[in-house]
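Right, one structure below, let's go through it.
Predicted model, so just to flag it, every value in this text is computed and none were measured. In what follows, chains are A, B, ... by sequence order, proteins preceding strands, each numbered from 1.
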Protein chains: 2
Amino acid sequence: MIQYSNQTRILVAVDCIIFGFDGSDYKLLLIQRGFAPEKEKWSLMGGFLQFNESLDEAANRILYKLTGLEEVYMEQMHTFSRPDRDPVERTVAVAYVALIDIQKYKQQISDKFHAHWFRMNELPHLIFDHEEMVEMAKDQLRYKAALHPILFELLPKKFTLPHLQAMYESLYETKIDKRNFTRKVLSTNMLVKEKEKDKASSKKGAYYYSLDESRYKDGFQTVLNFIPKNEMPGAKE
Amino acid sequence: MIQYSNQTRILVAVDCIIFGFDGSDYKLLLIQRGFAPEKEKWSLMGGFLQFNESLDEAANRILYKLTGLEEVYMEQMHTFSRPDRDPVERTVAVAYVALIDIQKYKQQISDKFHAHWFRMNELPHLIFDHEEMVEMAKDQLRYKAALHPILFELLPKKFTLPHLQAMYESLYETKIDKRNFTRKVLSTNMLVKEKEKDKASSKKGAYYYSLDESRYKDGFQTVLNFIPKNEMPGAKE
DNA sequence: GCAAAAGTGTTTCCTGTACACCCATGA
DNA sequence: TCATGGGTGTACAGGAAACACTTTTGC
């Protein structure tokens with residue numbers, strides 16, 4: 001077979017940044033690395049690109065291995081390439097971001113990787129450039145969530161409006177007026193009100209809602225405005 | 001030196017999607033590939049990642065080789081990885097998007113790569129998956145330009161408001177009311193009115209403007225709204 | 001009966017949009 | 001003088017933000 005001569009062939013890794021939301025905090029799913037170097041240190045879930053798979057396939061394979069979940073929202077974020085980023089050997093790493101429903105995950109978790117959910121502000125030190133990846137993913141999530149209804153991916157099948165609002169307030173570290181928030185969210189027509197209430201987090205109980213999948217898909221690209229302008233990432237003072 | 005065993009090492013390519021605007025059309029800078037396979041076919045400007053450089057460095061090296069330009073707006077877009085995307089050998093390709101001022105380029109062009117500007121709607125067939133890359137880059141440009149003042153990167157030092165408006169109208173294939181457009185653009189405070197006029201494209205002449213670099217940098221992240229909502233990519237019908 | 005969270009409407013302001021005429025100049 | 005493209009202001013409408021009280025119920 002013909003080959004390109006005199007070129008360097010290197011390893012291509014895939015690392016998954018897996019976000020969850022537990023009702024009050026954003027969390028990141030991390031594993032304890034099982035091999036040297038940096039054995040036992042905390043790390044993103046990763047692996048190497050195999051010869052006959054695409055990056056998307058690799059990312060899904062890796063995510064499945066860790067969480068048992070398939071058909072999860074995941075997209076490629078950025079490729080990291082500092083020559084010294086992995087001390088063992090030259091490796092570029094393609095970072096993927098996944099948003100998953102923590103509850104769904106709980107039913108499926110395979111624990112052989114010593115995976116653990118960490119609150120975003122209590123992350124341990126991570127190996128290599130994984131902290132940089134996480135920072136970029138957080139920035140990107142804040143950016144995208146302000147414009148598109150992407151956070152719905154983090155919700156369980158049934159959720160309440162206060163739950164949804166808490167997700168936004170936590171991500172932007174701000175308080176949102178619940179009347180305005182409710183109106184905006186419902187005006188997307190992406191939510192369907194259920195008959196039951198969630199009585200767990202209040203005495204009165206809050207109505208459950210679920211996603212109208214087809215309207216959600218249709219409206220995913222539309223530019224929204226859930227977040228007041230002054231709270232937008234990068235807003236002028 | 002320790003290595004990761006039993007893993008596939010592959011080639012990492014960098015391909016540059018270079019956009020320009022000539023006053024009425026968007027153009028793409030392509031080269032005729034100088035080596036087999038697909039010799040003489042049109043292609044994005046690309047090259048392989050070298051052992052001791054990052055992807056950003058590789059992209060800039062490649063862009064410089066082709067255009068002679070440095071410090072150009074360029075960012076990583078996406079990594080392409082179909083196993084069969086390069087028939088010679090397994091290769092992943094990291095695509096970068098660059099926006100350059102065609103006039104500036106004209107002074108610097110080195111012609112040894114048989115580079116040529118093609119109008120966006122008259123592109124030749126491209127090798128491998130380069131057409132897919134270009135499509136994604138166009139979509140991304142339309143998306144970003146509707147929200148951020150990114151198209152300024154395509155302008156020469158001095159430009160006129162009609163020139164700027166033509167860029168937006170061409171990108172979104174729409175007509176924009178010039179009174180509204182002018183007001184929005186000037187309200188960013190990113191433009192400085194010059195004293196001279198451009199007499200080339202009208203009898204009356206249009207005032208030149210230039211970028212206020214510091215305000216441009218500060219305001220780059222702010223979410224703008226130059227494009228009427230109905231013309232936004234992905235808008236509902 | 002009271003504490004704690006859920007739910008709900010109105011007014012104000014601002015931003016976005018539609019729209020038409022005069023100006024300067026080269027030919 | 002006329003044809004061409006450049007430049008400017010206003011009125012209206014719709015969306016975003018500010019704002020407070022009532023409801024439910026577990027304890």
Checklist line | Upstream residue (5' side of DNA chain D) when Lys197(A) and Lys178(A) are each assigned their closest nucleotide | finding: Lys178(A)
Check: Can you tell me how far P of dA5(C) sits from NE2 of His163(A), to the nearest Å?
Finding: 16 Å
Next item on the list: Rounded to the nearest 0.5 Å, what's the gap from CZ on Phe152(A) to CZ on Phe220(A)? Could you check?
Entry: 10.5 Å
Checklist line | Phosphate OP1/OP2 of dT17(C) contacted by Lys184(B) side-chain N/O (<4.0 Å) | finding: yes
Notebook entry, point to check: Which whole-number value in Å describes the distance from Leu191(A) CG to dG7(C) C1'?
Noted result: 16 Å
Note to self: Could you walk me through whether Phe226(A) and Val185(A) satisfy the side chain to side chain contact (heavy atoms under 4.5 Å, CB included) test, starting with their C-alpha distance in whole Å, then the side-chain angles of each, then the deciding distance to 0.1 Å, before giving a yes or no?
What the structure shows: CA-CA 7 Å; Phe226(A) 288 165; Val185(A) 167; 4.2 Å; yes
Next item on the list: Check every atom of dG9(C), dT25(D), dT17(C) against the side chain of Lys199(A) and return the nucleotide holding the closest atom.
Entry: dT25(D)
Item checked: Length of the line joining Tyr209(A):OH and dG7(C):P, which is rounded to integer Å -> 6 Å
Next item on the list: Have a look at Ser201(A) and say if it touches a base, only the backbone sugar-phosphate, or nothing, with a 4.0 Å heavy-atom cut-off.
Entry: sugar-phosphate
Check: Between dA18(C) atom P and Lys175(B) atom NZ, what is the distance in whole Å?
Finding: 16 Å
Next item on the list: Respond yes when some side-chain nitrogen or oxygen of Lys204(A) is under 4.0 Å from OP1 or OP2 of dG26(D), and no when none is.
Entry: no
Item checked: Rounded distance in Å - CD1 (Ile176(A)) to P (dC19(D)) -> 16 Å
Next item on the list: Determine the interplanar angle of the Tyr172(B) and Tyr168(B) rings, folded into 0 to 90°, and report it as parallel if under 30°, tilted if 30 to 60°, perpendicular if over 60°.
Entry: parallel
Item checked: Of the listed nucleotides dA5(C), dA3(C), dT17(C), the one nearest the side chain of Ser202(A) -> dA5(C)
Note to self: Please report the interatomic distance CE(Met167(B)) to OG(Ser24(B)), rounded to the nearest 0.5 Å.
What the structure shows: 12.5 Å
Next item on the list: Send over the distance from Leu186(B) CG to dT8(D) P, rounded to a whole Å.
Entry: 8 Å
Check: In whole angstrom, what separates Leu161(A)'s CG from dT8(C)'s C1'?
Finding: 12 Å
Margin query: Looking at Arg179(B) and dG6(D), is any side-chain donor or acceptor paired with a base atom of the opposite kind under 3.5 Å?
Written below: no
Item checked: Side-chain (Gln76(A)) to main-chain (Ala95(A)) donor-acceptor, under 3.5 angstrom -> no
Next item on the list: Could you check Lys203(B) against Asp177(B) and say which one's nearest nucleotide on DNA chain D is further toward the 5' end?
Entry: Lys203(B)
Check: Between dA6(C) atom P and Lys193(A) atom NZ, what is the distance in whole Å?
Finding: 13 Å
Checklist line | Any Asn225(A) side-chain N or O less than 4.0 Å from OP1/OP2 of dG15(D) | finding: no
